[in-house]
**Student:** 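Dropping a structure here in structure tokens format, bear with me for questions.
Keep in mind that what you see is a predicted model, and the values were worked out from it rather than measured.
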Amino acid sequence: GQNIDQPTEMTATEGAIVQINCTYQTSGFNGLFWYQQHAGEAPTFLSYNVLDGLEEKGRFSSFLSRSKGYSYLLLKELQMKDSASYLCAVRPPSGGYQKVTFGTGTKLQVIP
Amino acid sequence: DGGITQSPKYLFRKEGQNVTLSCEQNLNHDAMYWYRQDPGQGLRLIYYSQIVNDFQKGDIAEGYSVSREKKESFPLTVTSAQKNPTAFYLCASSMEGSGRDTQYFGPGTRLTVL
């Protein structure tokens with residue numbers, strides 16, 4: 001099975017940097033997604049990591065360590081609009097149909 | 001513009017009534033999914049469809065039914081057998097039927113049972 005852990009809530013200041021962690025224990029792994037979800041809205045795709053290391057995409061970066069079962073999402077130059085929940089999701093290995101498993105999400109509040 | 005639409009955005013129903021949530025996509029994606037989201041919980045998979053005229057139960061299919069008669073459409077019916085139907089329902093699609101691709105979500109339908 002899949003077990004994904006994320007902190008429930010975080011608070012950070014506008015203009016600062018915040019790191020949102022995600023750890024997973026899975027029976028198989030073939031990549032990790034990060035999604036952003038504003039309250040009452042649909043999740044939107046942010047990033048996908050399948051190899052170890054850091055992937056940078058503008059103000060957002062995502063890191064993966066497969067040996068440690070660990071990923072983080074790094075948000076730089078925080079803006080008020082970054083207040084949202086951030087979901088990590090594990091992609092299953094190849095072979096047949098296996099579902100993507102979502103974590104419960106980390107609710108980030110950006111304060112002035 | 002390509003995307004996924006869900007309607008209605010808010011839905012109210014009385015106990016004992018069935019209700020159908022609409023999901024349409026014009027992304028030409030093979031796979032479509034229905035999730036339920038409750039406060040403090042992750043997205044839970046209700047049903048998924050890898051291809052037209054085929055669908056499979058997810059983790060919490062009891063009390064729900066679906067159809068996939070067209071590639072673009074994947075409606076979800078919440079039946080009176082669903083014990084706790086009040087939730088936020090999200091439809092998603094992905095390009096391939098394997099279920100491992102990036103999923104793109106519709107805006108969601110918030111269902112409230114009165």
**Student:** What are the two closest heavy atoms between Pro43(A) and Leu90(B), and how far apart are they?
**Tutor:**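 Shortest heavy-atom contact: CD-CD1, 3.8 Å.
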**Student:** Inspect the surroundings of NZ in Lys107(A) and state if more than 12 heavy atoms from other residues, nucleotides or ligands are less than 6.0 Å away.
**Tutor:**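 Result for NZ/Lys107(A): open.
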**Student:** Report yes if some heavy atom in the side chain of Phe33(A) is under 4.5 Å from a heavy atom in the side chain of Thr102(B); otherwise report no.
**Tutor:** yes
**Student:** On a heavy-atom basis, which atom in Ala42(A) and which in Pro107(B) lie closest, and how many Å separate them?
**Tutor:**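 Looking at all heavy atoms of both residues, the shortest contact is CB-CA, 4.0 Å.
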**Student:** Using non-hydrogen atoms only, which part of Gln6(B) is less than 4.5 Å away from chain A: side chain, backbone, both, or neither?
**Tutor:** neither
**Student:** Is there a path from Leu111(B) to Tyr47(B) through hydrophobic residues (I, L, V, M, F, W, Y) whose side chains come within less than 4.5 Å of each other?
**Tutor:**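 Yes, Leu111(B) connects to Tyr47(B) through the hydrophobic network.
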**Student:** Could you check whether atom CD of Gln19(A) has more than 12 heavy atoms from other residues, nucleotides or ligands sitting under 6.0 Å from it?
**Tutor:**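 Above 12, so yes.
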**Student:** Can you confirm whether more than 12 heavy atoms, excluding those of Gln17(B), are under 6.0 Å from its CD atom?
**Tutor:**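 Yes - once you tally the heavy atoms of other residues, nucleotides and ligands closer than 6.0 Å, there are more than 12.
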**Student:** Which bit of Gln37(A) is near chain B, if near means a heavy-atom gap under 4.5 Å: side chain, backbone, both or neither?
**Tutor:**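 Only the side chain of Gln37(A) comes within 4.5 Å of chain B.
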**Student:** Within the structure provided, determine whether Phe45(A) and Gln103(B) are in side-chain contact (heavy-atom separation under 4.5 Å).
**Tutor:** no
**Student:** Among Lys9(B), Gln37(B), Gln56(B), Arg110(B), which residue has the highest count of heavy-atom pairs closer than 4.5 Å to chain A?
**Tutor:**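 Greatest number of close heavy-atom pairs with chain A: Gln37(B).
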**Student:** Shared ILVMFWY cluster between Val78(B) and Phe12(B), side chains joined below 4.5 angstrom?
**Tutor:** no
**Student:** Where on Arg44(B) is there a heavy atom nearer than 4.5 Å to chain A: the side chain, the backbone, both, or neither?
**Tutor:**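 Interface part for Arg44(B): neither.
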**Student:** If Ile, Leu, Val, Met, Phe, Trp and Tyr residues are connected whenever their side-chain heavy atoms lie under 4.5 Å apart, and connections chain through other members, are Val18(A) and Leu74(A) in the same group?
**Tutor:** no
**Student:** What part of Leu43(B) is in contact with chain A, defined as an atom under 4.5 angstrom from a non-hydrogen atom: side chain, backbone, both or neither?
**Tutor:** both
